[in-house]
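Reviewing the structure listed below.
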Amino acid sequence: MRLDAILSRFGYCSRREAAQWIKRGRVTVKGAVAKSASAKAEPVDVLVNGEPIEFPDGLYVAIHKPLGCTCSHREDGDLVYDLLPQQWLNRGDGISTVGRLDKETSGLLLITDDGAFVHALTSPKRHVPKVYEFECSAPVPLSAVGLFASGELLLNGETTPCLPAELEITGECCGRLTLHEGRYHQVRRMLAAVGAPVTRLTRTAIGPLKLADLNLAPAEWCAIDPTMFT
Ligand code: URA
């Protein structure tokens, strides 16, 4: 790839600005100061301001989504993308969340610039388990455990029942629900269907990745290894 294309592809600056950056000696390739924007290089060999190119093989990040922000690029109000470095947002392929969490849901959320990764993790065929911990304003009936596991729960307005899901009731008005699909407001709608409206909801795991192991405070993020999902 041309150096100016690398700098713009990975969100550092425009191709035009890249020529200036190179002129000013801010870019090196294999340790030698780059002289021309049109020179070709592998992104892994390039340093910008003495630092390696960030996520040269794709951006894969876990964030602890705080309450109150939305997983949208467009809506008004606080967006999850506001919590991320501008350079990531400028990457040529764009970045997106892997699925979504509601504005009033906190917890583990993945961010990537790899569309195939999004597809692999959100495809209903893959059934990647997602674990949610919840509190409700009313007790969860014991009968919900069997109903959710049966694969027969039909949510309002839908024509196919929910896939079997594992419900653990951990206290009178709280529990843990593991889903293998991702329908709109699914946890809230499933619990509302058994008379237990959700008042607090957090996603604690996606497949093998557990929020607790990442040690992230709300709004903090870290890089992850995408191969753990393969
Ligand atoms: N289910 C919900 O109800 N909300 C979420 O954010 C995720 C799953």
Side-chain angles (χ1 to χ4, degrees), residues 61-84 95-112 117-141 144-145 147-158 160-171 173-212 214 216 218-221 229:
V61 163
I63 186 168
H64 184 164
K65 178 193 173 296
L67 292 175
C69 60
T70 50
C71 297
S72 162
H73 278 290
R74 278 183 287 275
E75 274 171 47
D76 290 338
D78 296 334
L79 308 180
V80 74
Y81 297 103
D82 297 337
L83 304 170
L84 305 175
I95 58 170
S96 70
T97 60
V98 178
R100 290 183 173 206
L101 290 176
D102 307 336
K103 187 173 181 184
E104 293 313 328
T105 301
S106 60
L108 183 58
L109 181 69
L110 303 182
I111 311 249
T112 187
F117 183 70
V118 174
H119 181 72
L121 263 78
T122 53
S123 161
K125 287 193 190 122
R126 281 286 302 277
H127 295 197
V128 177
K130 281 156 246 145
V131 183
Y132 297 86
E133 297 200 358
F134 60 82
E135 287 174 14
C136 295
S137 57
V140 183
V145 176
L147 176 63
F148 289 2
S150 70
E152 287 172 6
L153 174 66
L154 194 58
L155 294 173
N156 263 346
E158 301 213 353
T160 46
C162 295
L163 288 178
E166 293 87 57
L167 171 64
E168 296 162 70
I169 299 176
T170 54
C173 293
C174 57
R176 189 175 301 117
L177 182 59
T178 304
L179 299 184
H180 303 267
E181 58 183 340
R183 303 186 190 202
Y184 178 71
H185 287 190
Q186 186 166 353
V187 175
R188 294 176 198 278
R189 290 163 71 210
M190 288 175 75
L191 285 152
V194 295
V198 168
T199 52
R200 195 186 66 79
L201 184 58
T202 305
R203 181 157 66 192
T204 55
I206 301 174
L209 188 64
K210 295 188 174 59
L211 185 60
L214 299 176
L216 298 174
E220 284 184 350
W221 45 261
F229 295 100

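Just so you know, ligand 1 is whichever comes first in the structure, and atom 1 is the first atom listed for that ligand. Computed from a predicted model, the values in this text were never measured in an experiment.
Closest non-hydrogen pair, L79 versus D76, comes out as CD2-O, 4.5 Å.
Residues passing the ring pair (Phe, Tyr, Trp, His ring centres under 6.0 Å) test with F117, sequence neighbours excluded: Y60, F229. Every salt bridge (Lys or Arg N to Asp or Glu O under 4.0 Å) that R188 has, sequence neighbours left out, goes to D102.
In this structure, the separation between CD on E104 and CG on L201 is 10.5 Å, given to the nearest 0.5 Å.
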What pairs of donor and acceptor atoms, side-chain ones from residues 128-138 against any protein atom, are under 3.5 angstrom apart with sequence neighbours left out?
unit_1, atom_1, unit_2, atom_2, d
Y132, OH, R203, NH1, 3.1
E133, OE2, R176, NE, 3.1
E135, OE2, R200, NE, 3.0

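Among protein residues, L101, D102, T105, Y132, H185, Q186, V187, R188, L201 come within 4.0 Å of ligand 1, judged on heavy atoms.
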Between C69 and D82, is the side chain to side chain contact (heavy atoms under 4.5 Å, CB included) condition met? List the steps. CA-CA 9 Å; C69 60; D82 297 337; over 6 Å; no
